[in-house]
There are 2 protein chains.
Amino acid sequence: MPDSEDLMSIRQMCAAYDVTPRTLRFYESKELLFPVREGQKRLFTKSDRARLKLILRGKRFGFSLEEIRQLLELYNIGDQQQTQLQRTYEIAQDRLADMERQRAELDEAIAELREQLDWGAKIIASMNQAKKAAE
Amino acid sequence: MPDSEDLMSIRQMCAAYDVTPRTLRFYESKELLFPVREGQKRLFTKSDRARLKLILRGKRFGFSLEEIRQLLELYNIGDQQQTQLQRTYEIAQDRLADMERQRAELDEAIAELREQLDWGAKIIASMNQAKKAAE
DNA sequence: AGTAAAGCTTACGTTGACGTAAGCGTAACG
DNA sequence: CGTTACGCTTACGTCAACGTAAGCTTTACT
């Protein structure tokens, strides 16, 4: 089975990934997706869907579309020249380092927020105590 | 020692935290910072500096300034009424859950990126092999 | 044949987070 | 006393990431 079954219309994509048509066209214009055409109409391949998942995840981390586009090149390594590939490899390493720094900070922030919440919980409890005593 | 020594000019702030004056004024206008005034001039307190650190960290996680403003209320709990406090507490809990979800995703993404990098390293190595053999 | 649904292109609008320029005050330096 | 440095306000500009509206096709009913 080739990719005959493998193609999705823009509406199907929108339903499947909870995005608007505009968003998909916009991503194509920015060369993040490469749907094939049947006449005028876009048809999205399995590969487009894989890329879209990565795009949406990247966005949740606050990466810009341009950064995501560079990351996506990693998944396209097959047809690159070596120097290009080397460059992409370096970008990805930097990004990985960024993500690990971000993870460390996130851990710290979570810990602090937890403390703060414990403190807040105590205060709320003591206010309830006071209220009860006043009745 | 009161806060006599505790105050910084806008330039000092910029140097210390690597932001522009515009940014600090903007944060004030959005009620994220509350510098005192000496005549016209802004003077930033220790409390402003603590807030600024939190703002900058929040930004690295992709939080919007408005979200950050709400989080900062947590650090101001002292003078709130209980219902307000309860509300803030809930917001913080949601935010904590968000952050933990984000951390889980980040872990996943890091793992995948690592795999991808290993793969890329192998390819680069084999290309070097081929190049060597061709000489 | 009529019309509703899905798709397309072109192009202007919007929001957040500042950048940047204009014009003014004042304080210190040479 | 001129000018350089720092600071202020007001206000228009910008960039990313789409939203939204207009106007035109093609396909699918009924």
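Below, all heavy atoms of this structure are taken into account, side chains as well, without hydrogens, waters or symmetry copies. Chain letters run A, B, ... following the sequence lines, proteins first, then strands; residues in each count from 1. Everything quoted here is computed from the prediction, not taken from an experiment.
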- Message: Side chain of B/Thr20, heavy atoms from C-beta onward: which of C/dT9, C/dG19, D/dC8 has the nearest atom to it?
- Response: C/dG19
- Query: With respect to the phosphate group of D/dT9, does any side-chain polar atom (N or O) of B/Arg37 fall under 4.0 Å of OP1 or OP2?
  - Reply: yes
- How do A/Phe63 and B/Ile10 order along DNA chain D: which one's closest nucleotide is nearer the 5' end? B/Ile10
- Taking CG from A/Leu43 and C1' from C/dA6, how many angstroms apart are they, rounded to a whole number? 13 Å
- Message: Counting the atoms with a prime plus P, OP1 and OP2 as sugar-phosphate, which does B/Arg25 contact under 4.0 Å by heavy atoms, base, sugar-phosphate, or nothing?
- Response: base
- Counting just side-chain N and O atoms, does B/Thr23 come under 4.0 Å of either OP1 or OP2 of C/dA17? no
- Using a 4.5 Å cut-off on heavy atoms from C-beta on, say whether the side chain of A/Tyr27 contacts that of A/Leu65. yes
- Message: Check this one for me: any side-chain N or O of B/Ser9 less than 4.0 Å away from OP1 or OP2 of D/dC6?
- Response: no
- Summarise how protein sits on nucleotides 20-26 of chain C as a single string, 5' to 3': B when a protein heavy atom is under 4.0 Å from the base, S for sugar-phosphate-only contact, - for no contact. B------
- Note on the structure: residues 36-46 of chain B vs salt bridge (Lys or Arg N to Asp or Glu O under 4.0 Å), sequence neighbours excluded, gives B/Glu28-B/Arg37, B/Glu28-B/Arg42
- Please report, rounded to the nearest Å, how far the P atom of C/dC18 is from the CG atom of B/Leu24. 10 Å
- Hey, what do you get for CG (A/Leu32) to CD1 (A/Ile68), rounding to the nearest 0.5 Å? 7.0 Å
- Among side-chain atoms of A/Arg51 and A/Ser47, is any donor-acceptor pair under 3.5 angstrom? yes
- Query: Any side-chain N or O of A/Tyr27 under 4.0 Å from OP1/OP2 of D/dA17?
  - Reply: no
- Note on the structure: A/Phe44 CZ to C/dA6 C1', in whole Å, measures 13 Å
- Item | Phosphate-side-chain proximity, A/Lys59 and D/dA16, N/O vs OP1/OP2 below 4.0 Å | no
- A/Asp18 atom CG, neighbour heavy-atom count above 12 within 6.0 Å: no
- Query: Between C/dG16 atom P and B/Ile68 atom CD1, what is the distance in whole Å?
  - Reply: 14 Å
- Query: Atom CD of A/Glu66 to atom P of D/dC18: distance rounded to whole Å?
  - Reply: 14 Å
- Between atom CD in B/Glu67 and atom P in C/dG16, what is the gap in whole Å? 11 Å
- Query: Got a donor-acceptor contact below 3.5 angstrom from the B/Asp118 side chain to the B/Glu115 backbone?
  - Reply: no
- Query: 5'-most contact on DNA chain D: A/Gln40 or B/Pro21, nearest heavy atom basis?
  - Reply: B/Pro21
- Message: So, using side-chain contact (heavy atoms from CB on, under 4.5 Å) as the criterion, who are the partners of B/Lys53 when residues are at least two apart?
- Response: B/Tyr17
- Rounded to the nearest angstrom, tell me the gap between atom OH in A/Tyr17 and atom P in D/dC18. 17 Å
- Nearest whole angstrom, please: distance from the P of C/dT10 to the CD of A/Glu28. 12 Å
